[in-house]
Amino acid sequence: MMRMTKRFAFYLSPKVPYDFELTVRKPAGWPLFTPFEIYKGGILWTALHIANLLTGLKLRSVGSTEQPSILIDVFLKDIPKSTQKNVIKNLLATKLAADEDLTEFYSMARKDPILKHTLGDLYGMHDTGFAHLFAMATFAISLQMAPLKRSEEMMNCLIKNYGELAEFDGKRVCVWPLAERLAELSPNELSRLCKLGYRAKYLVQLARVLGSGGFPTLEELKQFSPEEAKRKLLELPGIGDYSADILNPHGGFPIDAWSVDVFGKLFYGEQLREGRAAIDKIKAEGIRRWGKWSWMAFLYVAHDLKQLSEKLGTSLRLY
DNA sequence: GCGTCCAGGTCTACC
DNA sequence: GGTAGACCTGGACGC
């Protein structure tokens, strides 16, 4: 366990509109940086590694959707240098999507027969980034070929057993392990303890590739073209088309055995009978309809399934 | 209680 | 380049 002290605070002024709660605490329950973060009374306590530095965060909104402002307290073990402070500030601005402009997406979505229903519920929700690429890849691999409950058990076991426990501001938050930590393990140990099955082998291989430092970070992949970023991600062990679409910082359209049913009903009014064979068809249709906004569209649908079911009079399976 | 199937995919061998 | 089959595990289901 690492005890940390408040070292500095700063404000972020995201682009309008920005709904703090919808963005950091998404309706479908997706966490911001770790499943063990704490949200109470409009305040989020969370933690992640920034440039290998364990960083505790206390975030709250001090503005509104139309005049957004986020106050961030930063907790660290040691007093940071000014360069470290800048790295933390810049990275959090990126992760919290402070510069993301929703204007063009909303303009398209208002005219879209499906997305127009989501805008009222999710107005001001932004696309935040994972703690780091390894965390995101771990998430994607644990989703493969498993019901969501089991995926959650695998992820939580990994984080509890191999992640660091950050103690700050009277809270304790367990963070995603770094690749370097998992790279040392044997797949057998990992498989036995967290019941990862064949995924353990992929995770250790992945940890060794990402832990060596030779692979681009999420922020660096963002500088690639979307196609180049995806090609690079497909080089990673255990990462195929579906997972690469989750990892790609440019956004993809990650259709799997769950989302194929949801989008089948939304696009065609019925669940397609082809099962997994329908994935390519649904994926092509989503990209045809939404193009470069496919990922944002996926996000807005995924976080509004209950309301969409009611508005469109169809039953969309909820997680 | 027991056997079978399959789930929010990916990889490999084989054609 | 296209595709069938294997892969961990555990819950659901039929018997």
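The model shown is predicted, which means the values in this text are computed figures rather than measured ones. The sequence lines fix the lettering, A, B, ..., with proteins before strands; numbering per chain opens at 1.
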If pairing requires Watson-Crick or G-U wobble contacts with both distances under 3.5 Å, which nucleotide is the partner of B:dG8? none
For A:I239, answer base if it contacts any base atom (sugar-phosphate contacts may also be present), sugar-phosphate if it contacts only those atoms, and nothing otherwise; contact means non-hydrogen atoms under 4.0 Å. sugar-phosphate
Looking at the base of C:dC8, is there any donor atom on it, or on the side chain of A:R150, that sits under 3.5 Å from an acceptor on the other one? yes
So what does A:S243 hit on the nucleic acid, given a heavy-atom distance under 4.0 Å: a base, only sugar-phosphate, or nothing? sugar-phosphate
Does B:dG8 have OP1 or OP2 sitting under 4.0 Å from an N or O in the side chain of A:Q144? no
Suppose you measure atom C1' in C:dA4 against the same atom in B:dG8; what distance do you get, rounded to whole Å? 22 Å
Which whole number of Å gives the distance between the C1' atom of C:dG5 and that of B:dC6? 15 Å
Between B:dT10 and C:dG11, how far apart are the P atoms? Round to whole Å, please. 24 Å
By side chain to side chain contact (heavy atoms under 4.5 Å, CB included), which residues pair with A:S13, not counting sequence neighbours? none
Out of B:dT10, B:dA7, B:dG8, which nucleotide sits closest to the side chain of A:Y202? B:dT10
Residue list, salt bridge (charged side-chain N to carboxylate O under 4.0 Å, His left out) with A:R150, at least two apart or on another chain: none
side-chain contact (heavy atoms from CB on, under 4.5 Å) with A:W45: of A:D73, A:L57, A:I38, A:L59, only one passes, and it is A:I38
A:E235 has an atom CD; how far is it from atom C1' of B:dT10, in whole Å? 16 Å
Round to the nearest Å and state the distance from A:L158 atom CG to C:dC8 atom C1'. 14 Å
Atom OH of A:Y242 and atom P of B:dC11 are separated, to the nearest Å, by 14 Å
With sugar-phosphate meaning primed atoms plus P, OP1 and OP2, does A:I246 contact a base, only sugar-phosphate, or nothing at under 4.0 Å between heavy atoms? nothing
Looking across every strand, which nucleic acid part, if any, lies under 4.0 Å from A:P237 by heavy atom: base, sugar-phosphate, or nothing? sugar-phosphate
Assign the ring pair A:F263 / A:F267 to parallel, tilted or perpendicular, where the plane angle (0 to 90°) is split at 30° and 60°. tilted
May I ask you to evaluate whether A:K201 reaches the phosphate of C:dC7, defined as a side-chain N or O under 4.0 Å from OP1 or OP2? no
Under a 3.5 Å cut-off for both distances, is C:dC8 Watson-Crick or wobble paired, and to whom? none
Over 60° means perpendicular and under 30° means parallel, so tell me whether A:W293 and A:F105 are parallel, tilted or perpendicular. tilted
Rounded distance (Å) that lies between atom C1' of B:dG8 and atom CD of A:E152: 12 Å
Could you state the atom-to-atom distance from CG of A:D245 to C1' of B:dG9 in whole Å? 13 Å
Rounded to whole Å, the NZ-C1' distance (A:K195 to C:dC7) equals 18 Å
I'd like to know if A:Y198 reaches the base of B:dG9 with its side chain, counting only an N/O donor and acceptor under 3.5 Å. yes
Taking every heavy atom of A:F168 against every heavy atom of A:A47, the minimum-distance pair comes out as CE2-CB, 4.2 Å
Here the distance between atom C1' of C:dG11 and atom CG of A:L148, to the nearest Å, is 14 Å
Using whole Å, what does the distance between atom C1' of nucleotide B:dC6 and atom CG of A:D256 come to? 15 Å
